[in-house]
Amino acid sequence: AWLILAEEDEATGARCAGLAREFLKPSPQADRPLIFAGTDAGFVELNRDRPERGVADGVSWAIHPPLDAGDNLSLLETFAGQWQTVLSARELCEGRLMVSPLTLRARITPGAGTIPTAVPPDELPPEVDVRQMSLFGAVWTLGSIASLSRKPLLRSVTCFETTGWLGVMEWSDRPRLAPRFVSRPGWVFPMYFVFALLAGHDECRPWAVDRSDHAGLFIRRGAAPEAVRLLVANCTRDVLELTLPTWFKTERTLVLDHTNAVAFMREPEALLGRGWVAGERNQLALEPYAVAALDGIERRG
């Protein structure tokens with residue numbers, strides 16, 4: 001799939017999509033590539049300048065909290081709004097739907113042109129949020145993915161970047177502005193935990209997406225439908241006691257919170273490999289902004 005963006009327009013028009021279709025003609029042995037039109041900005045810009053019907057196989061838009069939603073609570077309240085953009089896109093646009101990218105802050109400023117605004121060397125760019133490498137960043141990531149998975153309406157969601165200030169791990173052996181964006185060479189960020197535990201699963205069902213205190217996602221592998229994993233996040237600044245579904249029999253638990261986050265960021269393989277605690281449980285206590293993974297099976301009868 002190819003996402004075609006127009007440098008000078010808020011949303012891709014017929015001309016750009018047509019040029020992409022022409023240049024990306026497949027060989028006789030290859031499948032025809034999917035062409036997505038849309039915007040690198042938010043759903044407002046897509047709705048304001050929708051791609052013409054029939055010019056592409058689908059549409060794409062970015063999702064990020066509103067510019068004035070700066071505190072943690074406001075960011076957590078965006079989950080419902082994220083899903084509403086999907087429903088609106090399904091009503092207004094033809095074809096498949098793609099979100100690209102999902103970020104904590106807007107990657108571009110609509111109408112500001114393509115030349116980035118100069119930023120003093122001792123300040124972070126406006127698209128960077130220090131919570132990218134925090135436990136809160138992991139909680140927001142899981143809650144967003146759970147919200148966007150309510151129904152199979154999206155073809156895909158592109159989350160963040162891979163490395164650096166907008167990524168899930170540090171790329172440099174000399175991190176920039178370390179006093180402002182706390183990172184160390186070789187570290188991963190807590191949201192890496194979410195993606196590592198999602199990897200390899202191809203079925204999902206959100207859990208508690210309408211709750212304000214926690215968000216979760218049940219996931220499975222199609223090749224092993226009897227095995228179930230629950231990913232759940234505490235969306236509060238307090239210790240949270242959760243009662244697990246009676247149909248879910250847990251076998252082991254892995255928790256990321258303030259007690260082990262730094263160790264995990266240094267050596268993620270160690271925690272993912274040896275951090276599991278075996279045993280069945282009906283209750284789960286999570287520290288503030290903690291994320292947990294619980295592996296188990298579905299009870300029968």
Side-chain angles (χ1 to χ4, degrees), residues 1-24 33-70 75 78-79 81-119 124-132 137 140-141 144-145 147-149 153-168 171 191 195:
W2 292 79
L3 170 54
I4 310 302
L5 299 173
E7 187 175 29
E8 298 178 355
D9 301 316
E10 286 191 344
T12 314
R15 178 178 174 274
C16 285
L19 285 171
R21 184 81 72 195
E22 179 67 23
F23 280 98
L24 295 173
L34 295 175
I35 302 296
F36 281 77
T39 179
D40 208 21
F43 183 77
V44 171
E45 286 69 37
L46 178 68
N47 188 31
R48 184 184 297 132
D49 192 9
R50 303 173 205 165
E52 296 91 332
R53 292 182 178 272
V55 304
D57 300 299
V59 296
S60 176
W61 69 100
I63 285 182
H64 53 79
L67 296 178
D68 58 352
L75 262 66
T78 63
F79 295 154
Q82 293 177 22
W83 177 240
Q84 288 302 316
T85 68
V86 178
L87 295 178
S88 297
R90 179 71 291 157
E91 291 292 325
L92 299 173
C93 304
E94 287 185 331
R96 298 170 173 87
L97 305 179
M98 176 193 296
V99 169
S100 179
L102 172 76
T103 52
L104 280 166
R105 289 194 181 177
R107 188 162 64 169
I108 66 168
T109 302
T114 58
I115 300 176
T117 304
V119 177
L124 294 169
E127 67 271 20
V128 176
D129 191 312
V130 295
R131 289 168 292 191
Q132 187 80 18
W140 189 82
T141 299
S144 297
I145 294 173
S147 178
L148 294 172
S149 303
L153 297 183
L154 287 171
R155 180 189 185 273
S156 64
V157 180
T158 300
C159 302
F160 312 111
E161 297 180 5
T162 304
T163 60
W165 285 336
L166 305 180
V168 300
W171 66 273
M191 61 176 62
F195 296 110

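Values below: every heavy atom of this structure, side chains too, minus hydrogens, waters and symmetry copies.
Under a 3.5 Å cut-off, the side chain of Ser156 and the backbone N or O of Met98 do not form any donor-acceptor pair. Listed for the Arg105 side chain is a donor-acceptor partner under 3.5 Å among the backbone atoms of Val128. Gln132 places no side-chain N or O within donor-acceptor distance of the main-chain N or O of Asp129, the cut-off being under 3.5 Å.
Side-chain contact between Val157 and Ile145 is absent, with no heavy atoms from C-beta onward closer than 4.5 Å. Side-chain contact check for Arg48 versus Val44: some heavy-atom pair is nearer than 4.5 Å. Counting only heavy atoms from C-beta outward, the side chains of Leu102 and Gln82 approach each other to under 4.5 Å. Side-chain contact between Thr141 and Leu104 is absent, with no heavy-atom pair separated by less than 4.5 Å. In this structure, Leu166 and Thr103 have side chains that are not in contact, with every pair of non-hydrogen atoms separated by 4.5 Å or more. The shortest side-chain heavy-atom distance between Val59 and Leu97 falls under the 4.5 Å cut-off. Counting heavy atoms from C-beta outward, Trp171 and Thr162 have side chains that stay 4.5 Å or more apart. The closest side-chain heavy-atom distance from Pro125 to Trp165 is below 4.5 Å.
Remark: Ile4 engages Trp2, Thr12, Cys16, Ala20, Ile35 in a side-chain contact (heavy atoms from CB on, under 4.5 Å) (not counting sequence neighbours).
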(request) Given side-chain contact (heavy atoms from CB on, under 4.5 Å), test Thr85 with Asn47 step by step and report yes or no. (result) CA-CA 10 Å; Thr85 68; Asn47 188 31; over 6 Å; no

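Between Trp61 and Phe43, the ring planes lie perpendicular to each other; the angle is over 60°, past the 30° to 60° tilted range. Ring-plane geometry between Trp140 and Phe160 is classed as tilted, the angle between the planes lying from 30 to 60 degrees on a 0 to 90 degree scale.
Atom CZ of Arg90 is surrounded by more than 12 heavy atoms from other residues, nucleotides or ligands within 6.0 Å.
Note: Ile63 CD1 to Ser147 OG = 8.0 Å, rounded to the nearest 0.5 Å. If you take OG on Ser100 and CG on Asp40, they are separated by 7.0 Å, rounding to the nearest 0.5 Å. Atoms CZ and CG, from Arg131 and Leu75 in turn, are 5.0 Å apart once rounded to the nearest 0.5 Å.
The minimum heavy-atom distance linking Ala106 with Glu127 is given by the pair O-CB, 3.4 Å. The minimum heavy-atom distance between Ser60 and Leu46, with the atom names listed, is O-CD1, 4.2 Å.
Residue pairs that meet the salt bridge (charged side-chain N to carboxylate O under 4.0 Å, His left out) test with at least one member in residues 49-64, sequence neighbours left out, are Arg21-Asp57, Arg32-Asp57, Arg53-Glu94.
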